[in-house]
Amino acid sequence: MNTSLRIALVLNPFTLRRKGGEHAPCISRELLGRGHRVRVFGDVAGDVPHSRTPGEDEGIAPLDGTGLRDFAPDVIVAYDGLSPAAWRGARASASLDVPLVLVEEGLPDRGRAIERLLRAFGARAWGRLVRRQARRVVALDPVAVARAQREGFRPEIVTELRAGVDIHSFRPGLHSALIGQPSVGQHVLLFIGRLEPDRGLEVLVDVFARTVGQVSGWTLALAATGSYRTRIRAQVERLGISARVHWLGVPRAEELPGLLAGATALLVPALDDDVASLKIRRAMAAGIPVLVSDVARLRGTVDHDETGLVVPAGDRAAWIEAVQRLASDPNRRARWGSRARQVAVDSLSWEHVAERFEKVLHDAVSGHEAERERAEADAAEDEAGAQPA
């Protein structure tokens, strides 16, 4: 589609968090590259790309009704279905008579305290307004789809469209000093995330110890920190695999591409949905297979026996079988990794995600215009019918 739109992105400044990891900045950059005008409201960090006009202040566009009205958008995109950003977007949508599109990540039920509070308050204070104004809800994963429907958004307006990945930064062939040391084996099973309950770390360490943890050349690399570090370290020592477990801490952003590309596989043994899928997309772009728990948020991120394996969450026997299968056949690992890279390039790049997102925006605008025309036609017909004969 080549019709240029004026798009207002309304972020939630109260949580100070990017939904879907990189969604807002990457979608904005791609939309700009596709010829649209994009203004960003509520970007506290100030790092989401946006359009400027001659003479415009270099500061960030304010999150208020005046700024949105002055921009005169064709469509408003607000992040978090029941957030203050959604409320601002819904108010502007009603006053400007333009469609509202929501982006919903679908936080875990426990979430962060401030996010739970704002969501509960928003459901009572402005949920009805937001539901009435929303023409589309873009849900970033199945958990977000279910949440949007629980919160009263009509199923027919909810579309699952996962976030993308930077296929240029994350690619095969890179190397990492973090796992290129002599103490690290040739084959690295990588975990990235928090050392916290429900991340499946105890299962993972036990499975590693029962499989390749006793085999020369294999290492479990933990790129993580958290409250379970002491507990997991004690488990590692008790199982006698300390020499095979490498503690990396939290890698810097610039270290991640090489770390993933240099690993043999990424393992995501989460026990529930409190885990992000960004690391999986990055691993696929880096061309390595992924072993992932069969939980709702991660289900569908990995094609079983095509880009890795989907394993029942918390099932030690199943995870042992999966790791043995991964380790036993280098040709299979190479095939999974190659296919993962192909899937990332063909369907997970931000270019492809933005193309589908752009279609959602155009559909919202055209649907809103058609609805407006029908309303005007109905009003004209009623007025004609009220005229005296």
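Owing to the predicted nature of the structure, the values given are computational and were not obtained by experimental measurement. Quick note: numbers below take in every heavy atom, side chains included, and nothing from hydrogens, waters or symmetry partners. Residues take their numbers from the sequence shown, with the count starting at 1.
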Do [Y] and [X] meet the salt-bridge criterion of a basic N to acidic O distance under 4.0 Å?
X	Y	value
E255	R252	yes
E351	R29	no
R34	E358	yes
R325	D329	no
R231	E202	yes

**Study point:** Ring-face cation contact, F41 with R88, 6.0 Å cut, 45° max
**Key:** no

**Study point:** Stacked cation flag R233 on W247, 6.0 angstrom / 45 deg
**Key:** yes

Exercise for review: Kindly say whether L178 contributes a backbone atom to a donor-acceptor pair with the side chain of S176 at under 3.5 angstrom?
Suggested key: yes

Review point. Is the side chain of R333 donor-acceptor paired with the backbone N or O of L326 at a distance under 3.5 Å, no angle test?
Key: yes

Can you tell if the side chain of [X] reaches within under 4.5 Å of the side chain of [Y], non-hydrogen atoms only?
X	Y	result
D305	R335	yes
I27	W350	yes
L266	K279	yes
R299	V310	no

Check your understanding: How many angstroms lie between CD1 in I76 and CZ in R91, if you round to the nearest 0.5 Å?
Key -> 11.5 Å

Point to revise | Ring centres under 6.0 angstrom apart (F357, H352) | key: no

Point to revise | Trace of the side-chain contact (heavy atoms from CB on, under 4.5 Å) decision for R162 with E160 | key: CA-CA 6 Å; R162 292 184 182 265; E160 182 181 342; 3.5 Å; yes

Exercise for review: Report the C-alpha separation of R135 and E371 in whole Å, then their side-chain angles, then the decisive distance to 0.1 Å, and conclude whether the salt bridge (Lys or Arg N to Asp or Glu O under 4.0 Å) test is met.
Suggested key: CA-CA 11 Å; R135 180 161 289 278; E371 187 176 283; 2.9 Å; yes

Exercise for review: Please report the C-alpha distance between W218 and L189 in whole Å, then the side-chain angles of each, then the deciding distance to 0.1 Å, and finally whether the side-chain contact (heavy atoms from CB on, under 4.5 Å) criterion is met.
Suggested key: CA-CA 8 Å; W218 286 84; L189 301 182; 3.7 Å; yes

Exercise for review: Please indicate whether R128 has more than 12 foreign heavy atoms, meaning atoms of other residues, nucleotides or ligands, lying under 6.0 Å from its CZ.
Suggested key: no

Practice item. Assign the ring pair W126 / W87 to parallel, tilted or perpendicular, where the plane angle (0 to 90°) is split at 30° and 60°. Key: parallel

